[in-house]
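Here is the structure we will look at, set down as structure tokens.
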Amino acid sequence: MKLSLNRGMTMRPLHDSHWLKSRSNPGIDVSYLLVISKVFADLLFTINPVNLNETIPAGTELSRAYDPVVVGRRNSYSIVGNSEEFSIDTGSGVIRNNKVFNFETDPKTYELIIESKLFVHKERKRLVINIIDIPEETVCTDPQFVEGTAFAAIDENYPIFQSIYRVMATDEDIANGERLTYSMETQSSMPAEGGNFFMVDSATGIVSRNSDEPLDFDAGYHSFHLVMRAADTTGHFCQGTLTVIVQDLNDERPEFVPFPLDSINVTENVPVGTIITRVNATDRDANSNIIYEFSTPQTVFCLDPRISISVPETIPASAAVYTVLARDPDPGETLEFSLLHSSANTTTYFLLDPDNGMVYKTPESVLDYEMDHKHFQMVVAAKDKEKITPRSCTGTITINIQNVNDEAPLFVNMQGSPLNILENVPVGTTVLRLTAVDRDIGDKVHYEFVDIYRGFSINEDTGEITVAYPLDYEDPAVFHRTVLEVRACDGDRVHSTTATVPVLLEDVNDNPPICSQEIYVIKLPETVPLGSLLVTLKCEDRDGTAPNNLLTYNLILDELSNETFTLNTNEIKIGPKHLNYDSVAFAGAQFKHTLIVQVSDGGMPSQTNTVTIIVKVIPINELAPSASSNIFNVFENSKIDTLVGRVKITDQDWPFNNLKYIIAGGNVGVPPRFYLEPDTGVIKVLNALDSETNSQYFITVKAIDMNNDIEPDPIREKFTLADVTVNVLNVNDEPPVCSPPYFNTFIYSTVKTPFFQLNCSDKDSPPDQLSYSIAGGNTNNWFTLQRLGNGSPSLVTTQNFQYEAFRGIQDTTAIQLLIEVTDELGGNKGSQLTTTATVIVHVIPWTTTQPSTSTNVTVTTITKTVLVRISRYWSPDNWLPAILTVTAILFLLNLYAMAWCFFKNVPRCKRFFPPCFTYQPSPQLHAIEKADKIKRKMDLVDRPLKSNPSKALLPRNSSAPVIYDGRAIDAVTGKHYLFNSKTGETQWLDQYEKTSAREY
């Protein structure tokens, strides 16, 4: 049996088991349907490969699988192997993502094997999904900087290009080579405006001074607001504000206000203590105390007794602070000193010696600038000693406490647990920020590592510990467990404190499995035994801990390779089916099996790698050719090189039927009537055939198998013999033959019986298929042919030739008859052949009883006449009558349309040319419209209604009464009248009865 399908059609088995046989023909096995479905079906994807942006939300439709064999079936599509990242709808084939991907941490490419399955039909195809990087947002990691509350304090003489602050920002794209660029957006100063003293390094984000111009606090530059930005190459950025506080230093010298005069005049009797002038000096430094003193010792004059002195907070116990300078001008007098009053806690830290006016530091209490008062005042009196009415003077001593760097920094908020760091942390990421405080006011803390720690760096200003370069858990030089020792120093690096930070490096599944070879190309003969080892895969995972380095293997096979290979751990073997080279489908795969082994580790997410194994199958000539029945028919008039047939010999080794054909024996005629093409087995006509000579030939054909192995072996080549029968079919190629072609005969004019029988035959046709007719020379139809049965006909006269008879003869007359003989009686006239026989009949008058013996002999000359009759016939193709019919119909429709245009308004022709359908209103509306039209034609109300006189003259009006088909009411007079809707004639009604509108 044969099954044929139009291109693009597929046949598939139905659900129920009883459909395993065709309903219409139980002999059709369903395996035919499966083979056809396999040939025409294919698993397709709407998009392959899929480019998936890493920001696409979960549940987005990525692609759709389509297999025409399983369309509309449930549970038909699946993903081979478990996939937590993707899912497929088993009915529609829609593939979706289950999560939002991260280009920096997830695999860059996923390969899914999609399978469609229905009963024994199974298709598999690879879908590639590429994760596309989307630029990440740049994030500033210092919240105070982002909120605008970050600040840094520097002295007004802070050196240029020394770090003040570092803008800390990160971007996940740094792992892919992204770079951040730092820039200064705005810079403003207060209270003085226009200051431009700072810059930010575009590569590191370090803020520093950028100019040699003095940063003068006394010029109004007390604070600066710096707006800075960190941006990547794609335009994403973050920005924040840093406030820089400028601290004033005592860097200005006092300057005297010029005196009005260069000299001062004083009379000698001016009392002691009289102010003779006031000296004024200024200092540009803010909050500065100016102390006046004579540059040379003076005995007559003194300065204002208000004294301001400064002492460090670390002044030793019992150390002299100041000596009150006072004297009595009277010779020999001594003074004593007393403390009149003091500020709070002054006597706790300072003492006054009453004898010499020396101010001492008390030995018990310790000054602390950070905790105690910053200023102390003492009002001291000096008076004469041991006098009844002593004279005295008073003065005020202000003691200013100076801050001294005497405190060591202290770490705060130190965590006790170890710091866990993932090995895939991007370079530049801040893993910890240490904070240390120094109780010394205005002292700045600096941070540094006690030792060199590979992989980490610390910011000396902020205490941020960042990743200096990639940490690879698998790198032997990289620690797994370490302790970072951090030292915090004050600004002068006089005092310091050390803290320890234990760090644990955690392994991340960042290494995919690596195989020693990713592509194998193996050649095997198709007869390799089952269970033979194909390949042993050698793969490893560089991840340092389990389950990140535990590998599993998954063999992915297509339909051709299914059940042909088996995977056991990392070994692939042949079986349970043998290799088969001889297959059309396998030829479409270029005679190779493509195996895909997916190697996965046990990490989360799992890393995968694929190994491709290409198995090229070597053909082996296993089967010998086999022959079947070969019987061919050919017409005897076939031209040379006409196809007779192709010998049916098959060979199941691929390439199928790769045979060489030769004629090994049999009867091919002499000379040979046929020849055999050695490559195709096609038999063709070599010489002319004649079925009348030989109508059947028997040929023995030898077919040699050309599918030798890789090393040809002619001795062991396979062959077979086939018997071929060629039947030569008869063709009407022989015309009839009459013997003799020319004949003379003598008859008497009184003969009434058949006097001559034709003797004609045809090699191609039996006698009963020959037809005879007198084609010429039969004057006045004197002769006719009389045929009895299927034999040759005889000539018979239709009348006697007696003298005086109708058209009689008086003398001997010779009549030449041409008799046409045609074969294939009742057959195709185009293939009929004709021949002509000539019969000369000598008619002797009836008065002559015997031939006279005169001396004059009449010589009859036989003329050779050829009758040519040409029969012409024409047999058109099937499409021509159809076209002629359609053309005739269109022509008649056009004629009718033209006639309708000319005669549609002629009353007598309306039955043949009806008008087009128009909308017909209701009878009442039609009557009203007619009445209105007739009313306009009527005369005035008072005039009598007149009929058209011309209509009365018409012959049809004179004899035929007018028929009124409507009745209406005149809108003006209210009278009733009848009307004819076709002619427009009207007639008043004298007597009528009012009826309702429904009667009209």
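Each residue takes its place number in the sequence, starting with 1.
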Exercise. Counting distance only, does the side-chain N/O of E423 pair as donor-acceptor with the main-chain N or O of Y473 below 3.5 Å?
Worked result: yes
Exercise. Under 3.5 Å, is there a donor-acceptor pair between the side chain of E54 and the main chain of D133?
Worked result: no
Problem set entry | Spacing of OG belonging to S496 relative to CG belonging to D490, to within rounding of 0.5 Å | 8.0 Å
Problem set entry | Atom pair CZ/OG1 of F456 and T466 - distance to nearest 0.5 Å | 9.5 Å
For this session: Grab the two heavy atoms, one from C140 and one from Q239, that are nearest each other, plus how far apart they are.
Result: SG-N, 3.9 Å
Exercise. Is the backbone N or O of D507 less than 3.5 Å from a side-chain atom of T545, with the two atoms forming a donor-acceptor pair by type?
Worked result: no
Exercise. What is the ring orientation for F376 with H373, classed by angle as parallel under 30°, tilted 30 to 60°, or perpendicular over 60°?
Worked result: perpendicular
Exercise. Which atoms form the tightest heavy-atom contact between P312 and L367, and what is the distance?
Worked result: O-CD1, 4.3 Å
Exercise. Would you call R487 and T497 a side-chain contact if the rule is heavy atoms closer than 4.5 Å?
Worked result: no
For this session: Give a yes or no answer on whether the side chain of T482 reaches the backbone of F479 with a donor-acceptor pair at less than 3.5 Å.
Result: no
Exercise. Taking atom CZ of F337 and atom NZ of K383, what is their separation to the nearest 0.5 Å?
Worked result: 12.0 Å
For this session: For this output row, return yes or no: ring centroids of F197 and Y221 closer than 6.0 angstrom.
Result: yes
Exercise. Are D543 and N511 linked by a side-chain donor-acceptor pair shorter than 3.5 Å?
Worked result: yes
For this session: Return the minimal non-hydrogen interatomic distance between P426 and V467, and the atom names on each side.
Result: O-CB, 4.0 Å
Problem set entry | Chi angles and distances behind the side chain to side chain contact (heavy atoms under 4.5 Å, CB included) call for V425, L471 | CA-CA 7 Å; V425 173; L471 301 176; 5.7 Å; no
Exercise. Above 12 or not: heavy atoms from other molecules or residues under 6.0 Å from CZ of R179?
Worked result: no
Seminar exercise, completed: Looking only at heavy atoms, the pair that brings C238 and A169 closest together is SG-CB, 4.2 Å
Exercise. How long is the span from the CG atom in N102 to the CD1 atom in I134, to the nearest 0.5 Å?
Worked result: 11.5 Å
Exercise. Would you say the side chains of Q187 and N196 form a donor-acceptor pair under 3.5 Å?
Worked result: yes
Exercise. Considering only heavy atoms from C-beta outward, does the side chain of K374 approach that of N400 to under 4.5 Å?
Worked result: no
Problem set entry | Worked check of side chain to side chain contact (heavy atoms under 4.5 Å, CB included) between T362 and T348 | CA-CA 7 Å; T362 60; T348 304; 5.8 Å; no
For this session: Check whether any side-chain heavy atom of C489 lies under 4.5 Å from a side-chain heavy atom of H495, and answer yes or no.
Result: no
Exercise. Are the side chains of T430 and T170 in touch, meaning some heavy atoms are under 4.5 Å apart?
Worked result: no
Seminar exercise, completed: On a heavy-atom basis, the closest approach of Y182 and A203 is CE1-O, 3.5 Å
Seminar exercise, completed: From the list T429, V431, V508, side-chain contact (heavy atoms from CB on, under 4.5 Å) partner of L422 resolves to V508
For this session: Using a 4.5 Å cut-off on heavy atoms from C-beta on, say whether the side chain of V246 contacts that of H222.
Result: no
Exercise. Do the side chain of R209 and the main chain of Y158 share a donor and acceptor less than 3.5 angstrom apart?
Worked result: yes
Exercise. Does the side chain of P363 reach to within under 4.5 Å of the side chain of S318, using non-hydrogen atoms?
Worked result: yes
Exercise. Side chain of S343, backbone of T346: donor and acceptor closer than 3.5 Å?
Worked result: no
Problem set entry | Donor-acceptor under 3.5 Å (Y453 side chain, E485 main chain) | yes
Exercise. When you measure from the side chain of K108 to the backbone N and O of F103, does any donor-acceptor pair fall under 3.5 Å?
Worked result: yes
Exercise. More than 12 foreign heavy atoms under 6.0 Å from CZ of F151: is that the case here?
Worked result: no
Exercise. Side chains of V437 and V412: closer than 4.5 Å at any heavy-atom pair?
Worked result: yes
Exercise. Where do Y360 and V321 land on the side chain to side chain contact (heavy atoms under 4.5 Å, CB included) test, with the steps shown first?
Worked result: CA-CA 5 Å; Y360 294 92; V321 176; 5.9 Å; no
Problem set entry | Full working for side chain to side chain contact (heavy atoms under 4.5 Å, CB included) between L180 and T138 | CA-CA 8 Å; L180 295 182; T138 302; 3.9 Å; yes
For this session: Tell me yes or no: between the side chains of T334 and E336, is some donor less than 3.5 Å from an acceptor?
Result: no
For this session: Please say whether more than 12 non-hydrogen atoms of neighbouring residues, nucleotides or ligands are located less than 6.0 Å from NZ in K444.
Result: yes
For this session: In plain terms, say whether R166 and D201 are close enough for a salt bridge, that is, a side-chain N and a carboxylate O under 4.0 Å apart.
Result: no
For this session: In sequence, state the C-alpha distance, the side-chain angles, and the governing distance for E178 and T233, and then conclude on side chain to side chain donor-acceptor pair (under 3.5 Å).
Result: CA-CA 7 Å; E178 180 63 88; T233 57; 2.7 Å; yes
Exercise. Under the 3.5 angstrom rule, does the side chain of E474 hit a backbone N or O of G544 as a donor-acceptor pair?
Worked result: yes
Exercise. Are more than 12 heavy atoms from other residues, nucleotides or ligands located less than 6.0 Å from atom CE of M190?
Worked result: no
Exercise. Where the side chain of Y447 meets the backbone of A436, is there a donor-acceptor pair that is under 3.5 Å apart?
Worked result: yes
Exercise. Are H225 and T243 close enough that a side-chain donor and a side-chain acceptor fall under 3.5 Å?
Worked result: yes
Exercise. Is it true that the side chains of T181 and S202 contain a donor and an acceptor less than 3.5 Å apart?
Worked result: no
Problem set entry | Close side-chain approach of V486 to F411, heavy-atom, < 4.5 Å | yes
For this session: With rounding to the nearest 0.5 Å, note down the distance linking CD1 in I458 to NE2 in H446.
Result: 12.5 Å
For this session: Decide whether T234 and D232 meet the rule of one side-chain donor and one side-chain acceptor closer than 3.5 Å.
Result: yes
Exercise. Distance from L432 atom CG to L434 atom CG, nearest 0.5 Å?
Worked result: 4.5 Å
Problem set entry | For F198 against I154, the heavy-atom pair lying closest together | CE2-CD1, 3.9 Å
Problem set entry | Pair N459, Y165: side-chain N/O donor-acceptor within cut-off below 3.5 Å | no
Exercise. Knowing that exactly one of V311, L351, I315 qualifies, which makes a side-chain contact (heavy atoms from CB on, under 4.5 Å) with K361?
Worked result: I315
Exercise. Any side-chain donor paired with an acceptor under 3.5 Å for Q377 and T396?
Worked result: no
